[in-house]
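Notes follow once the structure below has been shown.
Residues: numbered from 1 along the sequence shown. What's counted below: heavy atoms across the whole structure, side chains too, no hydrogens, waters or symmetry copies.
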Amino acid sequence: MISDTYKSLKNWLHFNNLLDGYTLQFRRWVEVKNAKTARYIVIIPAGGDSANEALTRDFFRFVIISAINDSDIVAVNDRADEIRQSMLDDFQINDVISMSPISGITQSNTEEGRFVFEFTAQLIISR
């Protein structure tokens, strides 16, 4: 089951045209079989406040993953930057009151030849 917060984030990404060409996943990255050209956006919980409060401050990692041996790594890096920048410009949707990036974008690589760009953001969520 997908929580309301994840649904809100999915809607926000879709509304801002940030999902085009990417497969969205929650909690963990799962490689789609025989999909070497697939690109992914993965949203992973990274701690936060007590869920018993009316407002919580939760942290999420946004992970943007390129295709295997992607020929346009700059576009994938740009997408990570667009998501991060959009949080500053247009962040409110449904139960998510505020989104603030709290880290820069880091890069790593997988053994299979994928580039991984990620950053962490704090979300203020109305329960």
Check [X] against [Y] and note the closest heavy-atom contact, atom names and distance.
X: S66; Y: G113; answer: OG-O, 4.5 Å
X: W12; Y: I83; answer: CH2-O, 3.7 Å
X: Y6; Y: P45; answer: OH-CD, 2.9 Å
X: R39; Y: G21; answer: CB-O, 3.7 Å
X: G104; Y: F119; answer: O-CB, 3.5 Å

Item to check | Pair D20-H14, side-chain contact (heavy atoms from CB on, under 4.5 Å): steps then yes or no | outcome: CA-CA 8 Å; D20 297 343; H14 180 71; 5.6 Å; no
Checklist entry - Would you say R79's side chain and L18's backbone share a donor-acceptor pair under 3.5 angstrom? => result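 Yes: the side chain of R79 pairs with the backbone of L18.
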Next on the checklist: Donor-acceptor pair, distance only, cut-off 3.5 Å: does the side chain of R28 make one with the backbone of I43?
Outcome noted: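 A pair under 3.5 Å: no.
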Next on the checklist: Checking side chain to side chain contact (heavy atoms under 4.5 Å, CB included) between L9 and each of I41, L123, L24, which is the one that passes?
Outcome noted: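 Answer after filtering I41, L123, L24: L123.
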Next on the checklist: Set out, in order, the CA-CA distance, both residues' side-chain angles and the distance that settles side-chain contact (heavy atoms from CB on, under 4.5 Å) for V116 and I64, then state yes or no.
Outcome noted: CA-CA 6 Å; V116 179; I64 298 80; over 6 Å; no
Spacing of [atom1] belonging to [X] relative to [atom2] belonging to [Y], to within rounding of 0.5 Å:
X: E112; Y: N69; atom1: CD; atom2: CG; result: 10.0 Å
X: Q85; Y: N16; atom1: CD; atom2: CG; result: 11.5 Å
X: S98; Y: Q122; atom1: OG; atom2: CD; result: 7.5 Å
X: R84; Y: S100; atom1: CZ; atom2: OG; result: 10.0 Å
X: F117; Y: S108; atom1: CZ; atom2: OG; result: 8.5 Å

Item to check | hydrophobic_cluster_shared for I65 and I68, side chain cutoff 4.5 Å | outcome: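 Different clusters: I68 never reaches I65 through Ile, Leu, Val, Met, Phe, Trp or Tyr contacts under 4.5 Å.
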Next on the checklist: If the threshold is 4.0 Å, N to carboxylate O, is there a salt bridge linking R114 and D70?
Outcome noted: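 Result for this pair is no, no salt bridge flagged.
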Checklist entry - Can you check whether F62 reaches E118 side chain to side chain, under 4.5 Å on heavy atoms? => result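 No. Closest side-chain heavy atoms not under 4.5 Å.
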Checklist entry - Is there a side-chain contact (heavy atoms from CB on, under 4.5 Å) between T120 and F60 once you walk through the steps? => result CA-CA 6 Å; T120 302; F60 291 87; over 6 Å; no
Next on the checklist: Let's go through L13 and N11 carefully: what are the C-alpha distance in whole Å and the side-chain angles of both, what is the deciding distance for side-chain contact (heavy atoms from CB on, under 4.5 Å) to 0.1 Å, and is it a yes or a no?
Outcome noted: CA-CA 6 Å; L13 288 164; N11 291 340; over 6 Å; no
